[in-house]
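Only one structure is covered here, and it is reproduced in the block below.
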Amino acid sequence: MLRRADVVEGAIALLDAEGLDGLTTRKLGASLDVRGPALYRHFPSKEALLDAMADRLLESVVAPVPDGPWDEQLMFLARRLRAALLAHRDGARVVAGTYVAGPNTRLLEDALFRILEAAGFPAEQAGWVTLTCGHYVLGHTIEEQAQARLSATGAWTERKHDLVRGRAESEYARTALTSAFDADPGERFEFGVGLLLDGLRRRLLDSTAPPPAADARTADAPAPARDGAPGACDDGGDGT
């Protein structure tokens, strides 16, 4: 009997073979040697199937995180998430935008929240940080896999030339853009996560720093006189 897990595993195998654009319920049914109704008993729509696939791709990410400083733990999880997405063709596209509530997704979110809360981030900010980190990893990996796909077909070199062709006067196109595209994707990833962590460290430092001490001279100075009230030069007489 066809199980739900069999459908998910079959869909991931088809994803690796055909890519996300080639993943159809008809092809999946043929690969599993079943008809459509057998699939729909487990997944009423392709969207539901993609949600289950997305959660399954995160399974390797939710293993225990080694002890250490919070920023090292975040870097560890970011690397692990990228590796899990790269392990499957179009893996980042499958996960992006699903907003699934599967068990692996929840475990990953809870792990990130505990790390950030222990570091000192308020609960609301921890949620924002979690989304920001996840968006960066997904966005980077989508672009990384797209570049790899173009390279595999031989189209990347021409595409890169198109980006800089006719822009000889642009230093950005001749240097910065070319350097970024020619860099190892893993190095670009590490650089981007490092920027995020630098900002988070600063934000955390600012939020926990004590307020600046008031200037002693300002604190000891008398309050300015109000209209109709005795001032510093008023001896309390009749003004003569």
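Everything numeric in this text was worked out from a predicted model, so none of it was measured.
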All salt bridge (Lys or Arg N to Asp or Glu O under 4.0 Å) counterparts of [X], not counting sequence neighbours:
{"X": "Asp21", "value": "Arg93"}
{"X": "Asp67", "value": "none"}
{"X": "Lys27", "value": "Glu18"}

Working to the nearest 0.5 angstrom, can you tell me the gap between [X] [atom1] and [Y] [atom2]?
{"X": "Asp198", "Y": "Asp71", "atom1": "CG", "atom2": "CG", "value": "9.5 Å"}
{"X": "Leu150", "Y": "Arg159", "atom1": "CG", "atom2": "CZ", "value": "5.0 Å"}
{"X": "Leu57", "Y": "Asn104", "atom1": "CG", "atom2": "CG", "value": "9.5 Å"}

Side-chain donor/acceptor of [X] to backbone N/O of [Y], under 3.5 Å:
{"X": "Arg188", "Y": "Ala180", "result": "yes"}
{"X": "Ser179", "Y": "Ala176", "result": "no"}
{"X": "Gln145", "Y": "Gly91", "result": "yes"}

Stepwise side-chain contact (heavy atoms from CB on, under 4.5 Å) test for Val34 and Val7:
CA-CA 10 Å; Val34 297; Val7 178; over 6 Å; no
Name each donor-acceptor pair under 3.5 Å that joins a side chain in residues 112-135 to protein atoms two or more places apart or in another chain, with its distance.
from   : atom 1 : to     : atom 2 : distance (Å)
Thr130 : OG1    : Ala126 : O      : 2.8
Thr132 : OG1    : Trp128 : O      : 2.9
His135 : ND1    : Leu131 : O      : 3.4

Give a yes or no on whether a salt bridge exists between [X] and [Y], defined as a side-chain N under 4.0 angstrom from a carboxylate O.
{"X": "Arg203", "Y": "Asp206", "result": "no"}
{"X": "Asp55", "Y": "Arg106", "result": "no"}
{"X": "Glu158", "Y": "Arg165", "result": "yes"}

Is the closest side-chain heavy-atom distance between [X] and [Y] below 4.5 Å?
{"X": "Thr24", "Y": "Leu14", "value": "no"}
{"X": "Phe43", "Y": "Val8", "value": "yes"}
{"X": "Leu107", "Y": "Leu58", "value": "no"}
{"X": "Met75", "Y": "Glu190", "value": "yes"}
{"X": "Phe189", "Y": "Asp184", "value": "no"}
{"X": "Leu50", "Y": "Val100", "value": "no"}
{"X": "Arg149", "Y": "Asp90", "value": "yes"}
{"X": "Leu2", "Y": "Arg41", "value": "no"}

Between Arg167 and Leu177, is the side-chain contact (heavy atoms from CB on, under 4.5 Å) condition met? List the steps.
CA-CA 11 Å; Arg167 301 174 66 182; Leu177 184 62; 4.3 Å; yes
Audit row: Thr141, Val95, side-chain contact (heavy atoms from CB on, under 4.5 Å) steps and yes/no
CA-CA 11 Å; Thr141 312; Val95 175; over 6 Å; no
Sequence neighbours left out, what passes side-chain hydrogen bond (donor to acceptor under 3.5 Å, both in side chains) with Glu109? Give chain and number order.
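Applying side-chain hydrogen bond (donor to acceptor under 3.5 Å, both in side chains) to Glu109 gives none.
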Heavy atoms from other residues, nucleotides or ligands near [atom1] of [X] exceed 12 (cutoff 6.0 Å):
{"X": "Arg201", "atom1": "CZ", "value": "yes"}
{"X": "Asp162", "atom1": "CG", "value": "yes"}
{"X": "Glu171", "atom1": "CD", "value": "no"}

Can you see which heavy atom on [X] is nearest to which on [Y], and at what distance?
{"X": "Ala11", "Y": "Met53", "value": "CB-SD, 3.6 Å"}
{"X": "Val61", "Y": "Leu81", "value": "CG2-CA, 3.9 Å"}
{"X": "Lys46", "Y": "Leu23", "value": "NZ-O, 2.6 Å"}
{"X": "Ala92", "Y": "Ile142", "value": "CB-CG1, 3.5 Å"}

I need the single residue from Arg80, Arg79, Glu72 that forms a side-chain contact (heavy atoms from CB on, under 4.5 Å) with Phe76. Which is it?
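Considering Arg80, Arg79, Glu72, a side-chain contact (heavy atoms from CB on, under 4.5 Å) with Phe76 is found only for Arg80.
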Any side-chain donor paired with an acceptor under 3.5 Å for Asp51 and Thr98?
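Note: Asp51 and Thr98 side chains miss the donor-acceptor criterion.
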By side-chain contact (heavy atoms from CB on, under 4.5 Å) - contacts of Ala30 (at least two apart):
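Ala30 satisfies side-chain contact (heavy atoms from CB on, under 4.5 Å) with no other residue.
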Given side-chain contact (heavy atoms from CB on, under 4.5 Å), test Asp110 with Val62 step by step and report yes or no.
CA-CA 10 Å; Asp110 288 344; Val62 298; over 6 Å; no
